[in-house]
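What follows is a set of notes on a single structure, which appears directly below.
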There are 4 protein chains.
Amino acid sequence: MSSEPDRPLRADALRNRRRLLLAAEEVFAEQGTQASTEEVARRAGVAVGTVFRHFPTKADLLRALMKGLLQQLVDDADALVARGDPGTALFEFFTRLVERTTANRTVVSLLAAEGIDVPIAGALGPLTSAVQELLRRGQRAGAIRAEVRTDEVMALLVGACQGALYGGWSPDLRRRTLGIMFAGMTAPPV
Amino acid sequence: MSSEPDRPLRADALRNRRRLLLAAEEVFAEQGTQASTEEVARRAGVAVGTVFRHFPTKADLLRALMKGLLQQLVDDADALVARGDPGTALFEFFTRLVERTTANRTVVSLLAAEGIDVPIAGALGPLTSAVQELLRRGQRAGAIRAEVRTDEVMALLVGACQGALYGGWSPDLRRRTLGIMFAGMTAPPV
Amino acid sequence: MSSEPDRPLRADALRNRRRLLLAAEEVFAEQGTQASTEEVARRAGVAVGTVFRHFPTKADLLRALMKGLLQQLVDDADALVARGDPGTALFEFFTRLVERTTANRTVVSLLAAEGIDVPIAGALGPLTSAVQELLRRGQRAGAIRAEVRTDEVMALLVGACQGALYGGWSPDLRRRTLGIMFAGMTAPPV
Amino acid sequence: MSSEPDRPLRADALRNRRRLLLAAEEVFAEQGTQASTEEVARRAGVAVGTVFRHFPTKADLLRALMKGLLQQLVDDADALVARGDPGTALFEFFTRLVERTTANRTVVSLLAAEGIDVPIAGALGPLTSAVQELLRRGQRAGAIRAEVRTDEVMALLVGACQGALYGGWSPDLRRRTLGIMFAGMTAPPV
DNA sequence: TATGAATGAGCCTTCATTCAT
DNA sequence: CATGAATGAAGGCTCATTCAT
C-alpha cells in the first residue's frame, strides 16, 4: 500500500519498514515535519538506528512517506474515475481530500516541508493524471466549464488543503468554501 | 510602516530595529522560520545580542514581523475600500496579495509557523474586518453573491496564498486559478 | 558505589556514566557548580551530547552527583555505627567528613548550589538517620550529653564543612576547631 | 558607613555610589552573587553604564560591598569591646552575626563567592583583630578557656554563618547549636 | 540486522563589558 | 557624568547521523 522498498527485504525488515512509515505518518501529522527522528522510532517501537538503516536520511523518510500518501490519493482518484458519477466525481475527490487533510496534516505538511527538496512537481505527476481524467469526465458530463485546465484544478486543490489545514475549517466552512470553488468551475467566468 | 516599537527609541536603536525587521523578513522569506537568529543578525549587520535586545525571543521577532506584515495588508485593503471600484476591489485585493506572496513567502510562512504560538486568529481580526468591508461593497455593487460570507472569503484567501506559494504559480496560472474563485463568488452555487 | 543508573546500561554506557560522574566531581570541586557542562565532557573524554544523554539537564547531573556523594557519607557513618567505638564514633565521623571536604569542595559546593533545586532536606534524610544513630550511641556511652539533639549535630556538621571549605583549615586548625565542637557536645552547657 | 570611594566625588556621583551599594546588597542577598549587574542597576534606578563607571568590574562591586559589610561587623565588635560584658561579649557577637546572616545571605554569599578572588584573609584582618580582643576579654573574665585561639573562633564563626545560611536555622536551633559552640569554648577539652 | 550510545555542529539565550549618544 | 544600545563570548540543550556492540 504505502511506498514499496527498492529491493526485496527479509520479512522482519519489511515489517519494520511498514511500521516506520505508519509511525512517521502519525508523528509528522501531529507535530509537523520538525518532529524528531527519535520520536518516530519510539512510536514505531524500534531504535533510531533502524530508522536510518531503512531511510538513510530524514528527507528520505519524508520522501517515502509522501510517495505512499500520494499513491493513496491516486488510488482514490482512480476509483472515482472507474466508479464515480462523472458530473460530481471531481468535486467528490476535492471534498474527500480536504476532509482528510483537516484531520491529518501530513500531506500538506509534506508539501510545505521547507527543508526537504522533494521534486514535488515530478512526484505529483500520477496524481495530476488522475485529476486530469476526473476533470475531463466532469467536462464531458457538462458539469464543469470547458476552459478549466488541470493546472488550475491542482492549484485549487493544494490551496484548499493548505487553507483547511492552517485555517482549521469547520465542516460547515469547508462546505461553503469548496462550494465557491465548485461554482467557479461550473459557472461561466466573471 | 512595519511594526512600531513599544516605546521611543534612540535614533540608532530605531534604525537597528528597522534593519532587523527587514533582514528578518528577507531571511525568513528565503529559508522559512527555522532560519537561525544568528543569520538574521548577520544579514542586519549587527551582533546577535542586538537581536535579543530588541526581541527577547525568536517568537517575539516573528510576532513583530507578522504584525507589521498584517498591517500592510490591512492598509492595502483599507485603501481599496476608500478608493477602489466596489465591484472589483475584493478581487483586486486577492490578486495583489497573491502576487506579493508568490514573491515573498514570509506571510504564509508565518501563518504556517508551527512552533510560534502567535494568536493568529486574533491578529487576523483587523484584516478580516477590512476584507469584510470589501466583501460588503462587492455585494452591494451586485458583483458578489449575497450568501457569500466573510469566513469563506478568508478561507479562499489563505488557500490561494498557500497554494501559490507551494505550487509556484505562474502569472497565467494565477490569473486562471483566481478566476475560478472569483467566478464562484459571482455566480450562483452549483 | 556512586549513584546507580535507573536502568541497566550497556557496558560502554555504564563506563561513560561513571567517567562522567568522576569528571563532574573533579570539575565541580575545582571550579564550583558554575563550571560548564562542556568542561565536564572534556574531562571525561566524551562529547557534550553524551553528558546530556546520561543527564538530561545540568541539574540532573548535579543531583546524581550529590546522591552518590551522600551515599558515601552514609556508608561511612554506617560503618562507624557497626564497627566504631561508640564513645568516639561520632567525632570520628565529623573529622573524616571535614578532612574530605577540605580537599574536595564538591559536597559543600553542592549543598550551596544556589540554582539547583535539589530537595536537600529530603536527600539528607538517610545521612541524618545515620548521624542520629552515632549520636545515640555516643550518648549511651556517656561521651555526649543527653540534651544534644540530632539537628544541632547536623547543623554543626554543615557549619564545620562550610567553614573548613571557605576558611581553608590547616590540619592543626581543624583539630582545634573540631575540638571545641566536641567539647561543647561533651561538657555541660554554659 | 559603607565602603568609601578612593577619591572625592561630586555630590550626585556619591549619591549614586551609595544607591548602588545598597541595591547590590539587596539584590545579591536575594539572588546570590550570580544576580546580573543589570538587575543591580535597575534596583538602584540607574543605567548599567553607571554601575561600571563606579565599579569597573562586577568583582570590584562585590569587593566594595564586602568591605562595607565587614566594616559594619568590625564596628559591631568594637562596640561590644567598649561597652559589653566581657564574659559574654564574644558570644553576643556570635549570636548577632548569625542572626543577621540568617536573614541576609549577603555576607556569607560573598565569603562563598567563587568567582571573585577577594583576598578574604587579608580583608578579614580588622574583623579578626576585633574578635581577638573580644576573645581576650572573655578569657580574662574566666568565661573562655585559655587555650582557645583566635583562628578557631574565626573558624567557628564562619562555620556558624554558613551553616545557618544553608541549613535555614530556626531561632531555637540557632540557640542550641551556638550553645554547643559556646560550651565548647568554656569547658575543658574532651 | 537491530540496538542505542556517541558524536558534534548548531540553536537560542544570557550577561559582563564597551562605547556612541 | 549618565544613558542605554551594541557587542560577542559562553552556556545549556537538541537532534540528525554514525558506529561500536
Side-chain angles (χ1 to χ4, degrees), chain A residues 9-10 12-13 16 34-42 45-61 115, chain B residues 7 9-17 34-41 44-61 115, chain C residues 7 9-17 20 34-41 44-61 115, chain D residues 9-13 16 34-42 45-61 115:
Chain A
L9 292 177
R10 275 174 23 184
D12 56 343
N16 270 344
Q34 296 132 36
S36 80
T37 311
E38 282 278 352
E39 177 63 25
V40 173
R42 199 174 309 132
V46 304
V48 239
T50 304
V51 183
F52 283 90
R53 168 165 291 275
H54 285 278
F55 308 96
T57 273
K58 189 179 179 179
D60 290 322
L61 171 57
Chain B
R7 57 206 174 70
L9 289 179
R10 263 164 39 178
D12 56 344
L14 194 56
R15 201 185 58 236
N16 271 341
R17 191 192 154 89
Q34 295 129 38
S36 81
T37 308
E38 198 79 51
E39 175 63 25
V40 172
V46 302
V48 237
T50 302
V51 184
F52 284 91
R53 164 170 281 270
H54 287 277
F55 309 97
T57 275
K58 187 178 179 179
D60 288 325
L61 172 56
Chain C
R7 58 205 172 70
L9 290 177
R10 266 168 33 181
D12 54 345
L14 195 54
R15 201 185 57 236
N16 270 341
R17 191 192 154 90
L20 276 171
Q34 294 129 39
S36 80
T37 309
E38 199 76 52
E39 176 63 25
V40 172
V46 303
V48 235
T50 302
V51 184
F52 285 94
R53 163 171 280 271
H54 286 278
F55 308 96
T57 275
K58 188 178 178 179
D60 288 324
L61 172 56
Chain D
L9 291 178
R10 272 172 30 182
D12 55 343
N16 271 343
Q34 295 132 35
S36 81
T37 310
E38 282 279 350
E39 177 63 25
V40 173
R42 201 174 308 132
V46 303
V48 238
T50 304
V51 183
F52 282 90
R53 166 164 292 274
H54 284 278
F55 308 96
T57 275
K58 189 179 178 178
D60 289 323
L61 171 56

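Lettering follows sequence order; numbering is per chain, from 1.
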Legend entry - Distance in Å, C/R53 CZ paired with C/N16 CG, rounded so as to fall on 0.5 Å steps: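 Going from CZ on C/R53 over to CG on C/N16, the span is 11.0 Å.
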Inset, instruction - Kindly indicate whether the side chain of D/L61, heavy atoms from C-beta on, has any atom under 4.5 Å from the side chain of D/F52. - result: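 Counting from C-beta outward, D/L61 and D/F52 never come under 4.5 Å.
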Inset, instruction - Report yes if a side-chain nitrogen or oxygen of A/R53 is closer than 4.0 Å to either non-bridging phosphate oxygen (OP1 or OP2) of E/dA2; otherwise report no. - result: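 For E/dA2, OP1 or OP2 has a side-chain N or O of A/R53 closer than 4.0 Å.
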Inset, instruction - Would you indicate, yes or no, if E/dA6 has its OP1 or OP2 atom less than 4.0 angstrom from a side-chain nitrogen or oxygen of C/H54? - result: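 It does, given that an N or O in the side chain of C/H54 lies less than 4.0 Å from OP1 or OP2 of E/dA6.
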Atom pairs, protein N/O to nucleotides 16-19 of chain E N/O, distance under 3.5 Å:
from, atom 1, to, atom 2, distance (Å)
E/dA16, OP1, D/K58, NZ, 3.1
E/dA16, OP2, D/T37, N, 2.9
E/dA16, OP2, D/T37, OG1, 3.1
E/dT17, OP2, D/K58, N, 3.0

Provide, to the nearest angstrom, the distance between the [atom1] atom belonging to [X] and the [atom2] atom belonging to [N].
| X | N | atom1 | atom2 | result |
| --- | --- | --- | --- | --- |
| B/L14 | E/dA20 | CG | C1' | 16 Å |
| B/F55 | E/dT14 | CZ | C1' | 18 Å |
| C/R17 | E/dA6 | CZ | P | 12 Å |
| B/R15 | F/dA6 | CZ | C1' | 11 Å |

Legend entry - Closest to the D/V46 side chain, choosing from F/dT3, F/dT7, E/dG4: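 That would be F/dT3.
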Legend entry - Closest to side chain of C/N16, choosing from E/dA6, F/dT7, F/dC1: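 Selected nucleotide (nearest to the side chain): E/dA6.
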Inset, instruction - Tell me the stems DNA chain F sits in, counting at least three consecutive Watson-Crick or G-U wobble pairs, each under 3.5 Å on both distances. - result: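 Stem segments, range with range: E:2-21 with F:2-21.
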Inset, instruction - For C/D60, enumerate each residue passing the side chain to side chain contact (heavy atoms under 4.5 Å, CB included) test, keeping only those at least two apart in sequence or located in another chain. - result: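 For C/D60, the residues satisfying side chain to side chain contact (heavy atoms under 4.5 Å, CB included) (neighbours in sequence not counted) are C/F55, C/P56, C/T57, C/R63.
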Inset, instruction - Taking all heavy atoms of C/T50 and all of C/L20, pick out the closest pair and write down the distance. - result: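 It is O-CD1, 4.0 Å.
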Inset, instruction - Search all heavy atoms of D/A47 against all heavy atoms of D/A41 and return the closest pair with its distance. - result: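 Shortest heavy-atom contact: C-CB, 3.9 Å.
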Legend entry - Residues which pass salt bridge (Lys or Arg N to Asp or Glu O under 4.0 Å) with B/E39, listed by chain and number, not counting sequence neighbours: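 B/E39 satisfies salt bridge (Lys or Arg N to Asp or Glu O under 4.0 Å) with B/R42, B/R43 once adjacent residues are dropped.
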